Amino acid sequence: MHASLADLLLDLVHNAVNAKAATIGVRWAERDGVLDIEVADDGSGMSKETQQRALSPFYTDGVAHPTRKVGLGLPFLVQTADSVGGEFRLDSEPGRGTVVGVRLPVDHVDLPAQGDVCECFAYALAVTGPREVVIDRVGIDDGYTLRRSELEDALGDLEDPESLRLLIAYIRSQEEAVWQR
Amino acid sequence: MAKMSLDDLRAMRDQKRRELEMRDADNKTVQIIVGMGTSGIAAGAKNTLSAFLAELEQHGLTNVSLRQTGSLGLDHAEPTVEVRMADMPTVIYGKVTPKVAGEIVRSHIMNKTLVDEHVFDRPAADILERKEQ
């Protein structure tokens, strides 16, 4: 099980990468006591049958690792939502892409810690491969948007450790501004 | 910290480039590739990635590319990390906690010595090839 909600988000982003998405959209919105996390991609998508099977921990498409018998990413997300009375949603279509998300009550005692959201956003933006990643962070009164293309324009290669450190500092400054209002 | 703009970020990057005389991505000679599949993340791969970031900064290493990939297929040994560099066999390290990440930077990358107890895959083939030559 993942230690934080940030870890869950990073897992979903890597699922989108594995689905060969050209564009990945992330939404992390906290309003009215509800945290809404969503990852949308334009990758390979899933049929209705595959969507049902993907919720089982004992299913994996076997593409990357043919001998593997488990796939835990989405089951972890479902389990997290179930454990706090949240909602899980999955919408996918072959050739169109996938939208997966959860709505979670932030004051529930069993909700995992959010974790280092800034670091998580930076790592999600720096995933290997040429693709656009757009992260919408919505706070109670304010928010910010991070676009990989703009950040690469400013920083260059995001796999360069120095760029990655600057990116994390930049996101922390955006995050602090959200919570200072 | 004041809220930064993209222009601020660009200026900071330019300053750092000048300070460190950083090479561009084409000249990176070391690749650290962290497995970020579900099992890797559950085992702490994000902390491992952060530890590499801090250790590389501590030693001022600028010729390294820090990359992410999906699962490397060694779930029992997560977090897993592949290291590629000249004059060393390509190695997959397992059970790479933040402490081990520091050892990999200091021993493998800086001193060209394998961190033997965490080697899980690949070096044997490379060593055999070298012996046969």
Side-chain angles (χ1 to χ4, degrees), chain A residues 1-4 6-11 13-15 17-18 60 64-68 70-76 115-116 119-120 122-124 126-129 144 147 150-151 153-178 180, chain B residues 1-17 19-20 22-28 30-47 49-50 52-57 59-75 105:
Chain A
M1 191 68 177
H2 294 320
S4 70
D7 285 359
L8 277 169
L9 175 67
L10 203 52
D11 196 353
V13 169
H14 277 275
N15 280 353
V17 171
N18 290 339
T60 179
H65 303 288
T67 58
R68 180 173 287 167
V70 296
L72 299 175
L74 288 181
F76 278 174
D116 190 336
E119 218 173 57
C120 171
Y123 296 160
V127 288
T128 300
Y144 57 87
R147 291 177 194 281
E150 290 179 351
L151 292 159
D153 182 51
L155 288 168
D157 177 19
L158 297 182
E159 292 181 341
D160 179 302
E162 188 56 46
S163 297
L164 204 45
R165 279 190 287 274
L166 286 172
L167 177 58
I168 292 169
Y170 174 75
I171 298 172
R172 291 206 196 289
S173 81
Q174 308 299 308
E175 189 70 16
E176 284 177 17
V178 167
Q180 279 169 4
Chain B
M1 184 193 299
K3 184 174 179 178
M4 292 160 63
S5 68
L6 283 171
D7 284 339
D8 294 333
L9 193 60
R10 200 172 281 115
M12 286 176 71
R13 170 65 178 174
D14 289 344
Q15 187 186 341
K16 284 285 184 187
R17 271 184 194 275
E19 284 173 7
L20 300 172
M22 288 184 67
R23 306 169 205 172
D24 60 31
D26 293 339
N27 289 329
K28 299 291 186 194
V30 181
Q31 285 187 51
I32 298 174
I33 305 166
V34 182
M36 300 287 279
T38 299
S39 54
I41 292 172
K46 192 158 62 64
N47 294 338
L49 187 57
S50 301
F52 275 115
L53 205 54
E55 195 73 21
L56 293 170
E57 181 179 31
H59 296 287
L61 296 175
T62 59
N63 60 334
V64 180
S65 180
L66 193 50
R67 313 185 72 189
Q68 303 172 54
T69 187
S71 169
L72 295 171
L74 297 168
D75 290 358
V105 171

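The chains referred to below are lettered A, B, ... by the order of the sequence lines, with proteins before strands, and numbering in each begins at 1. The structure displayed is predicted, hence computed values, not measured ones.
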K.L.:
Which atom names give the shortest non-hydrogen contact between A:A122 and A:L164, and what distance separates them?
P.N.:
O-CD1, 4.1 Å
K.L.:
Does any non-hydrogen side-chain atom of B:M36 lie less than 4.5 Å from one of A:V17?
P.N.:
no
K.L.:
Out of B:K3, B:M12, B:Q31, which one racks up the most heavy-atom pairs below 4.5 Å with chain A?
P.N.:
B:K3
K.L.:
Between chain A and each of B:I32, B:D7, B:L49, count heavy-atom pairs under 4.5 Å; write down the option with the most.
P.N.:
B:L49
K.L.:
Tell me, out of B:A45, B:A54, B:S65, B:S50, who's got the most heavy-atom pairs with chain A below 4.5 Å.
P.N.:
B:S50
K.L.:
With chain B, which of A:A154, A:A3, A:G115, A:S4 has the greatest number of heavy-atom pairs at distances under 4.5 Å?
P.N.:
A:A154
K.L.:
Hey, is A:D153 close enough to B:R13 for a salt bridge, meaning N to O under 4.0 Å?
P.N.:
no
K.L.:
In sequence, state the C-alpha distance, the side-chain angles, and the governing distance for B:S5 and B:D8, and then conclude on side-chain hydrogen bond (donor to acceptor under 3.5 Å, both in side chains).
P.N.:
CA-CA 5 Å; B:S5 68; B:D8 294 333; 3.2 Å; yes
K.L.:
Check each of A:D11, A:D7, A:N15 against B:T38 using the side-chain hydrogen bond (donor to acceptor under 3.5 Å, both in side chains) test, and report the only one that passes.
P.N.:
A:D11
K.L.:
Side chain from CB out, backbone as N, CA, C, O: work out which of these in A:L158 comes under 4.5 Å of a heavy atom of chain B, or both, or neither.
P.N.:
neither
K.L.:
Output the distance between atom CD (A:E150) and atom CG (A:L155), rounded to the nearest 0.5 Å.
P.N.:
11.5 Å
K.L.:
Which bit of A:A126 comes within less than 4.5 Å of chain B, counting heavy atoms only: side chain, backbone, both or neither?
P.N.:
both
K.L.:
Side chain from CB out, backbone as N, CA, C, O: work out which of these in B:A2 comes under 4.5 Å of a heavy atom of chain A, or both, or neither.
P.N.:
backbone
